[in-house]
Amino acid sequence: MFLNRFKSKPKDECQIHGSHGSHGNWMLAGMTLASLALMVWHLKVYGPSGHAVTAGEGPDSFTALLGKEIWDLLFNKHGIISELRDVLPYFIVGVLLAGYLRTFKVAVKLQATLRKYGIASVFLASFIGIITPLCACGTLTTAISLLFAGIPLAPVMSLMVTSPLLSPSTYLITLNDLGPEWTAIRTISAYMMGVFAGLVTYQMSKRPGFQKNEIFIEGAIIRGDFHDDDYPDERLRCNCRRNFGNRVAVNSGNKFLVFLAKSSEMLWTVGKYILVGVVVGAVVERYMPTNWIYNFFGRKDPLSIVWITLASVPMFLHQVSASSILSHIKSALDGTLDGGAALAFMVGGPVTAVPTMVLFWTFFRKRVFVLYMFVCLSGTLLIAYTFQLLIFVPGVDLGNPLMKDVSSISGGSSAIISKSGSNARMVMDPNGKGVIATYTNDVDGHGAIVFDASPARFRNISPNATDNRKYILNIADWLEQSVNSQPQKRILVYSLSGTAPLEASLPDELARTGFTVKTAGRKDTPRITERLLADYSQLWLFFDGAGPAGLSSEELALVAGHNEKSKGMLIVASAATTDNAVEQPANGLASRYGIHFGDRANNEGRLEVSVASSLLGRTSELLGTLLKLVNKA
């Protein structure tokens, strides 16, 4: 009986609030159908699993093949269900935080202060936008009410631009998908977009045609989709009680029940975008030809930012979906991701959503629509190119944990690493030639693996030249994170060449961080045995590309089995001296993980990694602290 007070919606359709959310649902359905069409096309052209199929091959009909592909896409160990399981904790935390903000009207309280400040309100509105759990359509209807409440167009434009770009849920999802550096960049970019849009609008509002009574189309404004009793503008307020959270708020004074109800509403409101984002990302990674993805996100073409910004205009890309799609794109690329193109995708896609543009065209005069499109497109280009010029380093996987607090590493002569498969990821490929890569397979419980094509980096750790020392310490820490059994923090460094693999002081450096290091080689330990490996959580192998000194088939099986027990591994190989790259001795092991050491590359003596790695890391920590403070406000 108690719950029945909250369950029933009004039987009659509400004639007051709008139906703006349906535009987004149609676009989500369109994106899902487009993904299905890509799968069907790929199956017809290449067959299942990406292999070409000859006419008449196999007894299965096309419908049966499609059914098997969908089943495998859903339930494969690396499929959609597995991905949703990984995202779920971040999604739940984001939903609860959004429910808190809505229950206690934190953003509404902040919005009320916007009238008190002049141009400074632009900066405050941009901050409010990034903590408001609203989609693009919800932001637009909120913005209309703020304009009716007397707030100037400039801060409202800031709010309209920032809200579709970031929210508490998006912050946490990005942290999971792309790491703290990308999360910091995305947050800074969203805030900069809001400030840019607000300042441009502030200047334009001084001109005729942009005053409050001149920006709306006469008769276009209807009473909108606002269900709170205390909504400030009665012309846009609706009391139809369609939202479950509002029915609970009216019938119960218990804030905790209201919080649960408001949070439950966000499950589908946000969850549908996560679901579609994961589906689209998985389909793109598995079925879109890699050369298509490379042309936009991996070619390092300065114009890629322009093409992606323009292509994002007709695309309905929700803020929550963007990071998931980019994570899949990073795995699908044979090299590193173009940072500027990726940022343009994350900013330009959500801010120019088709439903928002339709509503803008409907409600506002065309000059306001043009202003909105101008600040969205020009702001995206300006921010993406700024970060491309000042922050992103070509050929470096931004945010990779191996490069935490690393500004540069030594270069010089090295082998060239190439990769295949979604479990392998390129970390550095200066001038398109891979020198560092990683492999992870958490689903099967395997340990993490690092591949490095230059043994010299481990023999030269002078702090005055590069950050080789920090890079090596990061390797040890990252590999240890995948170890979930005893022993722990014990490293076996095994050299198959005649030279010392590590600089003399490095074992002591690792010991100061809690690691125990033993160095061995073919001379003193002729064979790798199961008993030898059992005492260590990490195995560091150093191969000599100049000779045939590789691992025997028995040793290969032992090493692979050691990794399958969630033990970390580092594989370092020098450049092959013969023309036949297949003879590279490291490839007998590396090829098992989709990595190949090939020809020689002559890189610069010093390879730049990041100009702001430490700054971005600290910024991410600061933003996390700020998010907690907002949660407690």
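No experiment lies behind these values; they were computed from the predicted model shown. Residue numbers start at 1 and run along the sequence shown.
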Rounded to the nearest 0.5 Å, what separation is found between the CE atom of M428 and the OH atom of Y471? 9.0 Å
Is L607 close to V396 at the side-chain level, that is, under 4.5 Å between some pair of heavy atoms? no
Compare every heavy atom of M193 with every heavy atom of C376, then report the nearest pair and how far apart it is. O-CE, 3.7 Å
Closest non-hydrogen atoms of P350 and L165, given as atom of the first, atom of the second and distance, are CB-CD2, 4.1 Å
Measure across N474 and K404 and return the closest heavy-atom pair with its distance rounded to 0.1 Å. ND2-O, 2.9 Å
If we only count heavy atoms from C-beta on, is the L178 to T183 side-chain gap below 4.5 Å? no
Once you round to the nearest 0.5 Å, how far does CE of M346 lie from CD1 of I383? 11.5 Å
R425 and S327: which non-hydrogen atoms are nearest, and at how many Å? NH2-O, 3.4 Å
Determine the minimum heavy-atom distance between A342 and L326, stating which atoms define it. O-CD1, 3.7 Å
For M204, which residues count as a side-chain contact (heavy atoms from CB on, under 4.5 Å) partner, sequence neighbours excluded? V200, R207, F210, L371
Please name all residues satisfying side-chain hydrogen bond (donor to acceptor under 3.5 Å, both in side chains) with S189, sequence neighbours left out, ordered by chain then number. none
For a 4.5 angstrom cut-off between non-hydrogen side-chain atoms, does L377 reach T309? yes
With rounding to the nearest 0.5 Å, note down the distance linking CZ in R606 to OG in S408. 3.0 Å
Under a 4.5 Å cut-off applied to non-hydrogen side-chain atoms, are T187 and T174 in contact? no
With sequence neighbours excluded, what pairs up with T438 under the side-chain hydrogen bond (donor to acceptor under 3.5 Å, both in side chains) test? none
side-chain hydrogen bond (donor to acceptor under 3.5 Å, both in side chains): pairs with one or both residues in residues 385-397, sequence neighbours excluded: K330-D397, D338-Q388, D397-N400
Would you indicate whether N254, at its atom CG, is surrounded by more than 12 heavy atoms from other residues, nucleotides or ligands within a distance under 6.0 Å? yes
Would a 4.5 Å heavy-atom cut-off, applied to side chains only, mark Y202 and P155 as touching? no
Side chain to side chain contact (heavy atoms under 4.5 Å, CB included) assessment of M192 paired with L382: CA-CA 10 Å; M192 289 173 58; L382 178 63; over 6 Å; no
Check: Y191 and T162 side chains under 4.5 Å, non-hydrogen atoms: no
Could you work out, with side-chain hydrogen bond (donor to acceptor under 3.5 Å, both in side chains) as the rule, every residue matching T170, not counting sequence neighbours? S167, Q319
Extract all donor-acceptor atom pairs below 3.5 Å that involve side chains of residues 122-131 and protein atoms in other chains or at least two apart in sequence.
from, atom 1, to, atom 2, distance (Å)
S126, OG, V122, O, 2.8
S126, OG, V195, N, 3.2

Rounded to the nearest 0.5 Å, the OG1 atom of T380 sits from the CZ atom of F196 at a distance of 9.5 Å
State, without any angle test, whether S323 and D177 hold a side-chain donor-acceptor pair at a distance under 3.5 Å. yes
Would you say the side chain of L343 lies within less than 4.5 Å of the side chain of F392, judging by non-hydrogen atoms? yes
Starting from the C-alpha separation in whole Å, work towards a yes-or-no answer on side chain to side chain contact (heavy atoms under 4.5 Å, CB included) for T440 and W478. CA-CA 11 Å; T440 55; W478 184 71; 3.5 Å; yes
Interatomic distance, L381 atom CG to I305 atom CD1 [nearest 0.5 angstrom]: 8.0 Å
Indicate whether the side chain of T336 and that of D429 have a donor and an acceptor atom separated by less than 3.5 Å. yes
With heavy-atom distances below 4.5 Å as the criterion, would you say the side chains of I119 and L199 are in contact? yes
Indicate the atoms forming the closest heavy-atom contact of A322 with R186, along with that distance. CB-NH2, 3.8 Å
State whether the side chain of S158 and the backbone N or O of G194 hold a donor-acceptor pair below 3.5 Å, judged by distance alone. yes
